[in-house]
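Just so you know, these numbers use all the heavy atoms, side chains as well, and skip hydrogens, waters and symmetry mates.
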Amino acid sequence: MLIPTFGLIPLFLISTNRCLNVASAFTNPISFLGANNKLINHNPSKERHPTDTTKQVHTTYKRRTPFTIQPTLLYASTEEEETSSETVAELKKQILDLIGNNTDNPNDEDVKKNLTLLLESLIQESGGSKKGNEVLYQIGQSVYNIHLKEEEKKEEEKEEESNDPIVSFDYLKTFMIDVFETYGVPTDRAETCAEVLVEADRRGIKSHGLGRLKPIYCDRMDAGILLPSMPIDVVSETETTALLDGNLGIGLYVAPYAMQMAIDKAKKYGVGFVAVKNSTHYGIAGYYATMATDNGCVGLSGTNARPSIAPTYGVEPMLGTNPLCFGIPSDDDFPFVIDCATSINQRGKIERYAREGLDTPRGAVIDNDGIQRTDTEGILRDLVLGKAALTPLGGADPELGGYKGYGWATVVELLSIAFQSGVFGEGISGVDRETGEKRPMPLGHYFLAIDIEALTPLDTFKKNTGEFLRALRGSKKSPLGPGRIWTAGEMEYDEFVKQTDQGGMFVPPSLQSVMKDLRDQRPGLKEKYGKLPFE
């Protein structure tokens with residue numbers, strides 16, 4: 001007999017006097033763990049739905065380890081139930097029986113061992129995926145402190161990638177140069193633009209590479225809100241500072257120009273700072289920090305972006321994903337480069353979810369009603385219309401430190417508009433929210449370079465940096481982790497080495513279609529690219 005995927009979950013919850021009413025599972029997400037990881041009584045009069053926008057007293061949730069059941073996860077679809085194998089169904093039954101009989105002793109080692117084996121078997125029998133059984137794994141982690149390793153998932157990703165063709169980075173760069181040139185971008189600038197994009201893919205930052213060529217650059221040039229060839233004007237300048245105007249040209253060539261100016265000033269005067277106004281999307285911030293480290297400097301860069309993040313306690317998108325980026329040279333094979341958005345997820349990651357047909361993880365997006373959304377296509381639409389917002393690092397809940405991410409996003413925004421007298425909020429949303437018409441997004445950037453030799457020998461600095469980073473990587477590992485500690489920039493370097501060794505990157509079907517469309521639609525490309533590597 002086949003067992004409904006999550007139909008038995010309420011059974012273990014009502015098997016003790018610390019019960020949860022089954023009906024409440026369909027109307028409320030339920031936080032049911034106490035500080036000692038035991039099930040607690042669910043009191044509807046005290047615990048409220050997280051989307052309730054009326055005033056809440058947060059002390060109710062203190063000292064708890066939250067575990068949430070979402071109504072959408074309680075039952076699988078009929079199709080999934082019908083296609084579940086007998087083995088998977090039996091494993092789920094055994095897991096639920098084990099949990100239901102051991103709600104009072106989650107720390108029992110035998111229980112944990114048996115449950116771990118069952119959950120691992122469920123992954124294997126489900127084709128190496130946790131999809132469809134997320135609640136069971138969340139219970140294992142939250143109640144029994146079982147943290148399953150992700151090897152199976154990684155193997156699945158490798159198998160999917162292996163079915164995609166490998167295309168060399170030289171080929172991809174040449175293709176992107178040719179695409180930019182069809183829009184009238186001068187060759188030298190087209191080469192710079194393509195290099196920034198392909199470097200993102202070399203580092204494994206797939207959200208900012210080839211996948212952004214069409215939606216962020218081509219489509220905006222088609223719409224006339226991004227200009228392919230504009231001068232870069234110097235508004236003001238001193239020996240150590242400058243303010244530039246990008247005139248709505250492509251940020252992919254404006255930003256390298258600005259960072260090089262900052263580096264040149266730093267090498268001459270010890271420090272260089274350049275602010276930019278009226279620019280556009282400039283790709284990965286880490287590219288510019290690495291420009292600095294390659295020249296013996298500490299580098300800092302940031303940019304604002306169309307409003308996506310809601311302030312803590314708010315739901316209206318007011319801040320961009322606003323990356324905070326530092327680059328520090330090291331005597332390792334790679335510099336320390338931290339380049340991350342000040343939101344949980346950036347828009348590029350959600351666009352990638354859309355290309356791959358995936359839901360957005362819960363907690364990364366909140367809408368105007370305070371609901372945490374997962375519907376990727378709807379999220380992308382509502383982000384543009386101002387009906388949904390990303391949450392800052394730490395999330396919407398200030399108890400998890402969301403105010404910190406909110407504060408850092410504000411720092412980046414201020415450094416991107418205050419020097420520049422730049423617009424913010426709806427002024428850089430890219431769309432008229434009343435008419436829906438597209439409009440330019442004049443962004444601000446900033447770039448700082450500090451010449452290390454002005455303060456200390458470069459080799460000494462690199463050695464000091466490397467020793468500390470190696471100490472971090474050599475520190476005691478968690479027995480539940482992957483057995484390795486990374487420092488910022490290391491994963492990207494590993495990906496760079498891997499993809500260099502394999503001769504390029506896997507191009508998934510979604511990006512194959514993009515390349516075909518650009519080849520077929522842009523003048524002169526069909527003659528040069530009659531047959532793409534994957535055709």
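The CZ atom of Arg355 sits 10.0 Å away from the NZ atom of Lys206 when rounded to the nearest 0.5 Å. Note that OH of Tyr217 is 3.5 Å distant from CG of Leu252, once rounded to the nearest 0.5 Å. Taking CE of Met441 as the reference point, atom CZ of Arg220 lies at 3.0 Å (rounded to 0.5 Å).
Judged by a 6.0 Å distance limit and a 45° cone about the ring axis, Arg522 is positioned over the six-membered ring of Tyr183.
When the salt bridge (charged side-chain N to carboxylate O under 4.0 Å, His left out) test is applied to Arg189, no partner is found at least two apart in sequence or on another chain. Scanning for side-chain hydrogen bond (donor to acceptor under 3.5 Å, both in side chains) contacts around Ser330 gives Asp332, with sequence neighbours left out.
Checked by atom type, the side-chain pair Thr293/Thr290 shows no donor-acceptor distance below 3.5 Å. Under the 3.5 Å distance criterion, with hydrogens and angles disregarded, no donor-acceptor pair is assigned to the side chains of Thr303 and Ser416.
Around NZ of Lys387, the count of heavy atoms belonging to other residues, nucleotides or ligands within 6.0 Å does not exceed 12.
Here the rule is side-chain hydrogen bond (donor to acceptor under 3.5 Å, both in side chains) with Asp264, and of Lys268, Lys267, Gln260 only Gln260 fits it.
Screening residues 232-246 for salt bridge (charged side-chain N to carboxylate O under 4.0 Å, His left out) gives Glu237-Lys265 as the qualifying pairs, with residues at least two apart or on separate chains.
The six-membered or imidazole ring of Phe175 lies near that of Tyr529, with a centre-to-centre distance under 6.0 Å.
What you find for Arg306 and Leu443 is that their closest heavy atoms are N-CD2, 4.4 Å. Across every non-hydrogen atom of Lys438 and Ala223, the tightest pair is CD-CB, 4.0 Å.
One finds no salt bridge joining Arg470 and Glu467 here, because no Lys/Arg side-chain nitrogen approaches an Asp/Glu carboxylate oxygen to under 4.0 Å.
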